[in-house]
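The analysis underlying the following values was restricted to heavy atoms, covering all of them including side chains, and did not include hydrogens, waters or symmetry mates. Residues: numbered from 1 along the sequence shown.
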Amino acid sequence: MMEDEDLESFRAEVRAFLDAELPPEKRFAADGFANASKELTAWWQGVRAKRGWGAPGWPKQYGGCEWSLAKKRIFADESTKAGAPSYSPFGITMVAPVIYTFGTEEQKAEHLPHILDGSRFWCQGYSEPGAGSDLASLKTRAIRDGDDYIVNGQKTWTTQGHWADWIFCLVRTNTEVKQQSGISFLLIDMNTPGIEVRPIRTIDGMHHLNEVFFTDVRVPVSNRVGNENDGWTYAKFLLGNERAGIAGVTRTAGDLARLREWANSTEHFVDPPISDPKIAQRLDALDQRLSKLAALEARALEAPSQSLEAMRLVAPLKLLGTELSQDVSELALDIAGPAALPRPAENRVHPYGGEGEHAMSSFLFGRAQSIYGGTNEVQKNILAKMMAAGL
């Protein structure tokens with residue numbers, strides 16, 4: 001009983017924080033992660049950090065909150081309902097845990113404070129034109145030259161690469177051993193001479209992806225995390241965090257609540273779509289799947305980090321979470337009908353003022369969810385291998 005009271009007290013505290021710090025003009029100012037601006041994202045991260053809530057999952061010694069799973073969910077739920085800007089995951093939830101777990105004290109001091117306060121943005125240098133889900137086949141080379149590495153190669157699908165101040169990058173440092181054994185994990189300043197960023201426009205018309213080219217880029221050896229050629233270990237550690245996050249329970253819960261509200265609307269429809277039994281049944285089925293996904297995520301997050309229990313739940317979380325999100329966007333598109341068709345730029349309505357346009361944007365962007373972070377087909381192969389091994 002006391003724990004429930006504490007959680008309700010925390011929920012009230014979060015709502016008061018959002019009411020005080022999130023002005024109306026910044027609520028729902030970005031239609032999801034892909035549409036966010038660097039300025040808005042940095043501003044909100046700074047506000048959270050000032051309150052001491054910049055990194056819910058980090059250890060307290062590095063400025064984190066060490067919140068329980070229940071508190072993390074409350075904060076995420078209330079932030080979604082309030083229309084708070086999304087955070088950039090590449091620093092907070094991806095590279096920062098690698099740095100404070102495997103990095104040197106100098107690396108921690110150099111990077112963690114800037115990630116926490118939103119003054120330094122990161123992107124991920126993993127995928128390459130010939131190395132996506134088969135990441136271990138990457139070709140970007142880093143050759144030792146005294147106290148530096150000379151890096152040459154290309155990364156692709158680099159989300160927020162045009163924002164980023166730094167990139168965490170997998171590079172090949174040994175070609176004489178098996179693929180996974182010759183990879184190192186480098187932290188690279190994006191302002192280093194020899195780095196070129198080229199935009200990739202996606203089917204939804206947005207620019208959030210990029211190609212990144214490295215031509216004789218000098219990177220200090222002191223920017224390597226951990227041991228040379230042990231980068232695959234750190235990459236797997238990071239990918240475990242990324243794929244669990246890709247389940248997107250809080251995001252999908254917000255999308256589903258918004259969709260249900262829209263389907264009940266008499267403002268936009270003569271007959272609210274939810275009055276159609278097929279629509280109502282689909283909404284209820286999605287709600288049930290969301291509840292099951294949330295329970296599975298709770299099991300994964302409560303299991304000890306890098307434990308067998310945590311690792312074997314990553315693949316199904318990624319699969320079920322992305323499939324659910326795509327099905328929610330598909331139902332929204334079905335409800336929108338012709339209202340989802342694109343409009344000329346001069347007649348375009350902000351997505352939160354035009355649910356039909358939002359439905360189309362979400363549907364198109366969502367096609368990538370079953371690809372990034374390791375394709376769903378690859379996750380199924382991982383599951384099959386684990387089952388065959390009796391894990």
S.K.: Just jot down the side chain to side chain donor-acceptor pair (under 3.5 Å) partners of Arg172, sequence neighbours excluded, or say none.
M.R.: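 For Arg172, no residue satisfies side chain to side chain donor-acceptor pair (under 3.5 Å) once neighbours in sequence are set aside.
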
S.K.: Under a 4.0 Å N-O cut-off, is there an ion pair linking Asp145 with Arg218?
M.R.: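 Yes, Asp145 and Arg218 are salt-bridged.
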
S.K.: Centre of Tyr87's six-membered ring, under 6.0 Å away, within 45 degrees of the axis: is that where NZ or CZ of Arg48 sits?
M.R.: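 Yes, a cation-pi geometry holds between Arg48 and Tyr87.
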
S.K.: Check the pair Glu261 / Arg258 against salt bridge (Lys or Arg N to Asp or Glu O under 4.0 Å), numbers first and verdict last.
M.R.: CA-CA 5 Å; Glu261 181 179 354; Arg258 172 177 169 168; over 6 Å; no

S.K.: Which residue pairs satisfy the ring-ring contact (aromatic ring centres under 6.0 Å, His included) criterion with at least one member in residues 316-338, sequence neighbours excluded?
M.R.: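 Matches after skipping sequence neighbours: none remain.
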
S.K.: Side-chain heavy atoms under 4.5 Å apart, restricted to Ile/Leu/Val/Met/Phe/Trp/Tyr: what other residues fall into the cluster of Leu383, or is it alone?
M.R.: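 Same cluster as Leu383: Leu319.
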
S.K.: Would His114 and Trp166 count as a close aromatic pair, with their ring centres under 6.0 Å?
M.R.: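 Judged by ring-centre distance (under 6.0 Å), His114 and Trp166 do not meet the cut-off.
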
S.K.: Could I get the full list of side chain to side chain donor-acceptor pair (under 3.5 Å) partners for Asn210, not counting sequence neighbours?
M.R.: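 Per chain and number, Asn210 pairs via side chain to side chain donor-acceptor pair (under 3.5 Å) with His162, His207.
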
S.K.: Could you check whether Lys26 makes a cation-pi contact with Trp43, meaning its NZ or CZ is under 6.0 Å from the centre of the six-membered ring and within 45° of the ring axis?
M.R.: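 Pair Lys26/Trp43 counts as cation-pi.
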
S.K.: Kindly state whether the ring of Phe102 and the ring of Phe185 have centres lying under 6.0 angstrom apart.
M.R.: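 Ring-ring flag for Phe102/Phe185: false, centres at least 6.0 Å apart.
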
S.K.: Going through the distances and angles, do Lys139 and Glu128 end up as a salt bridge (Lys or Arg N to Asp or Glu O under 4.0 Å)?
M.R.: CA-CA 8 Å; Lys139 298 293 190 295; Glu128 298 181 6; over 6 Å; no

S.K.: Could you work out, with side chain to side chain donor-acceptor pair (under 3.5 Å) as the rule, every residue matching Gln180, not counting sequence neighbours?
M.R.: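 Per chain and number, Gln180 pairs via side chain to side chain donor-acceptor pair (under 3.5 Å) with no residue.
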
S.K.: Please write out which residues are connected to Ile200 in a hydrophobic cluster, directly or through intermediates, given that two of Ile, Leu, Val, Met, Phe, Trp, Tyr count as joined at side-chain heavy-atom separations below 4.5 angstrom.
M.R.: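 Hydrophobic cluster check, Ile200: joined to Trp157, Leu209.
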
S.K.: Between Glu211 and Arg198, does any side-chain N to carboxylate O distance fall below 4.0 Å?
M.R.: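 So Glu211 does not pair with Arg198 through a salt bridge.
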
S.K.: Does a side-chain N-to-carboxylate-O contact under 4.0 Å join Asp19 and Arg27?
M.R.: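 Looking at Arg27 together with Asp19, the answer is yes, because their closest N to O distance falls below 4.0 Å.
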
